[in-house]
Asks: 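Dropping a structure here in structure tokens format, bear with me for questions.
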Amino acid sequence: MSTDTAAPGTADVDIPLRAPRKLTLPRVVLHVFLTIIALAWLFPVAWAVLNSFRDYGYTSRKGYVSLGGWTLQNYVDAWQRAEFTKHFLNSVYITVPAVLLTLFLSSCMAFVLARFSFKFNLPLLALFTAANLLPQQSLLIPLFRLYRAVPLPEWMSDSGTLLNSYWGLILVNTAFQTGFCTFVLSNYMKTLPKELFEAAMVDGASIWRQFWQVTLPLCRPPLAALATLEVTWIYNEFFWATVLVQSGDKFPVTSSLNNLRGQFFTDLNLVAAGAVIVAVPTLVIFFALQRHFVAGLTLGANKG
Amino acid sequence: MAETDIETPVAGRAEPPAGGHGGLPRSRRVRRVTGGDRVVVGLMMGVPTLLVVALVVFPAIATVVLSFARWNGIGGLGTIQWIGTENYTNVFTNYPPFAPAMEHNLLWLAILFFLATPFGMFLAVLLDKEIKGSRFYQTAVYLPVVLSLALVGFIWQLFYSRDQGLINGLLGTTVDWYGDSKVNIWAVLVASSWRHVGYIMLLYLAGLKGIDPSLREAAAVDGASQTRTFFQIVFPVLRPINIIVLVITVIEALRAFDLVWVVNKGRNGLELISALVTQNVVGEASRIGFGSALATIMLVISLVFVSTYVVTVMREEER
């Protein structure tokens with residue numbers, strides 16, 4: 001990224017190409033248009049937040065196009081009914097190891113790909129990138145069978161197999177995300193000066209030390225961006241959690257929202273409160289680490 | 001620029017391979033690779049590769065193989081019967097949800113491709129200019145990107161519900177937007193586009209930022225209009241990003257799953273290939289061969305685009 005943005009050095013054009021900001025008609029139209037779009041895009045989330053604070057009795061009497069009936073009870077009920085304490089913990093058990101493992105394995109892989117020029121580097125990188133993009137459903141059947149066939153000791157999984165265990169979800173998420181991260185990291189590592197490694201070589205540093213003590217500390221920016229992105233993605237992951245976990249008590253939060261739907265009747269204010277609760281971690285990441293999040297998303301698309 | 005110098009040592013690639021020495025690094029720069037180092041390098045690339053091969057590549061191949069089989073998935077591998085292309089015949093002639101699923105996937109693609117993606121690009125172009133409040137506008141539009149599609153389904157339920165939804169509340173209608181098989185695909189598509197626009201905008205904005213401003217300045221000096229500058233200069237330069245955006249759009253349309261699954265598990269107007277595959281495996285009757293045939297169709301379509309993507313990206317890589 002940095003290499004691209006460093007380019008503008010066009011000092012020879014000294015005519016101001018953009019007129020100083022005046023309130024011309026096109027500009028006003030542009031702002032009005034963008035404001036409408038922005039508000040329209042925010043509205044669904046705002047509506048969910050708004051209604052999560054409203055009492056069902058009130059909204060069913062007065063209709064949704066009304067104001068009033070404020071309450072916090074939906075949050076209390078949603079938390080209990082959907083057993084969010086348990087499911088948030090499940091999400092943590094899955095997301096944290098999966099992100100750490102993904103970043104670790106992809107850094108290793110990226111280091112080798114960036115540092116050496118084996119002739120299979122490019123095919124391998126291609127394979128990793130492709131693996132990240134395949135539709136998960138097309139791999140489901142063999143994976144499902146495989147997971148059912150792989151035994152795990154009792155202390156690792158009470159189901160006795162990879163199916164229905166945190167381990168299974170951690171592994172599949174890691175396998176899927178490693179491709180993308182490897183790609184981004186190897187691009188970044190290629191921009192590091194080779195002299196660094198030569199110096200380390202001369203000092204007699206082993207490959208592992210060159211990786212762990214020389215390269216990784218320099219990769220903090222992409223690692224931060226990827227960590228932000230991967231936490232969001234794996235936390236949001238829905239498909240694998242739905243099919244590879246069968247007992248309700250192992251579901252991560254995203255899949256546990258269904259508990260808020262009754263069989264015959266659903267209180268949408270309650271669902272809204274649940275949705276807001278589930279969204280909070282990602283929204284916090286979004287607002288607190290926006291820079292990293294955006295950098296992560298665009299790193300893959302832009303070279304370097 | 002100085003960066004280009006760093007890339008040059010890779011020129012060694014053009015040399016003939018040193019022979020099958022089990023992955024000995026050929027780079028001149030690595031003079032002494034000790035046995036310990038070799039093990040470390042092997043592990044560093046072996047473990048991730050093994051994981052990806054075991055959990056992605058192998059299942060992909062196995063899906064194709066199993067699509068020619070009849071198997072209930074319960075007995076051992078010995079109980080597999082090979083039946084040729086019968087599963088495919090069944091998918092195409094004897095499986096009512098297949099045609100609607102294909103249609104819905106194509107519709108999904110069409111809406112994303114012709115509406116959501118261009119709109120995201122359009123917003124990116126507007127926001128790429130220095131305008132006041134650009135950050136606010138951007139933030140608002142890509143906020144949905146951090147939400148999972150499953151969650152998006154729940155959030156939009158507040159609009160679409162028959163008795164408690166905002167739309168019916170405002171219009172006085174009694175349509176079950178998620179339930180009525182005539183309209184629910186459109187309802188879901190609106191929700192999906194809502195998220196997709198932000199994603200595309202973000203990717204495209206990054207692409208636009210990477211464009212050398214002197215290109216545009218030159219065009220402006222030549223008196224080209226902004227529209228012309230975009231279509232004739234900026235757009236062609238963004239070719240790699242365009243391809244990535246195209247592929248992401250196709251893949252998203254093909255992978256669409258979460259949203260319909262939370263609404264009604266992909267039935268009754270919301271059939272999608274991905275949902276059909278899932279139903280055939282985790283549903284009541286697990287029809288392994290049949291489900292694999294569906295999955296293979298999905299895999300083949302996606303591979304066309306995935307390989308386009310990979311080739312584009314790898315070409316960038318080689319430069």
Asks: Non-hydrogen atoms of chain B under 4.5 Å away: do they reach the side chain of Leu146(A), the backbone, both or neither?
Replies: side chain

Asks: Where do Ile155(B) and Val45(A) come nearest, in terms of heavy atoms and distance?
Replies: CG2-N, 4.5 Å

Asks: Are the side chains of Arg115(A) and Val41(B) in touch, meaning some heavy atoms are under 4.5 Å apart?
Replies: no

Asks: Measure Leu127(B) against the heavy atoms of chain A and call it side chain, backbone, both or neither at under 4.5 Å.
Replies: side chain

Asks: At a heavy-atom distance under 4.5 Å, which candidate from Leu268(A), Thr282(A), Leu105(A) has the highest pair count against chain B?
Replies: Leu268(A)

Asks: What's the spacing between Ser138(A) OG and Ile273(B) CD1 if we round to 0.5 Å?
Replies: 11.5 Å

Asks: Please classify the contact of Phe197(A) with chain B as side chain, backbone, both or neither, using a heavy-atom distance under 4.5 Å.
Replies: neither

Asks: Kindly write out the residues that satisfy side-chain contact (heavy atoms from CB on, under 4.5 Å) with Val284(A), not counting sequence neighbours, or none if the list is empty.
Replies: Val280(A)

Asks: Looking at the rings of Phe43(A) and Phe159(B), which for Trp means the six-membered one, are their centres under 6.0 Å apart?
Replies: yes

Asks: Please say which of Asn132(A), Leu134(A), Val172(A), Leu127(A) ends up in a side chain to side chain contact (heavy atoms under 4.5 Å, CB included) with Val56(B).
Replies: Leu134(A)

Asks: Side chain to side chain donor-acceptor pair (under 3.5 Å) between Thr59(A) and Gln164(B): does it pass, once the steps are laid out?
Replies: CA-CA 8 Å; Thr59(A) 45; Gln164(B) 304 169 54; over 6 Å; no

Asks: Against chain A, label Val65(B) side chain, backbone, both or neither, depending on which of its atoms sit under 4.5 Å from a heavy atom there.
Replies: neither

Asks: Taking the side chain as C-beta and beyond, is there a heavy-atom pair between Thr278(B) and Phe239(A) under 4.5 Å?
Replies: yes

Asks: Could you grab the distance from atom CG of Leu272(B) to atom CD of Gln137(A), nearest 0.5 Å is fine?
Replies: 9.0 Å

Asks: In terms of heavy-atom proximity below 4.5 Å to chain A, should Leu299(B) be classed as side chain, backbone, both, or neither?
Replies: both

Asks: Parallel, tilted or perpendicular: which fits the ring planes of His31(A) and Tyr137(B), with parallel below 30° and perpendicular above 60°?
Replies: tilted

Asks: Non-hydrogen atoms of chain A under 4.5 Å away: do they reach the side chain of Trp156(B), the backbone, both or neither?
Replies: side chain

Asks: Hey, is the main chain of Arg255(B) close enough, under 3.5 Å, to the side chain of Gln136(A) for a donor-acceptor pair?
Replies: no

Asks: Measure from the side-chain N and O atoms of Trp208(A) to the backbone N and O of Val40(B), and report whether any donor-acceptor pair falls under 3.5 Å.
Replies: no

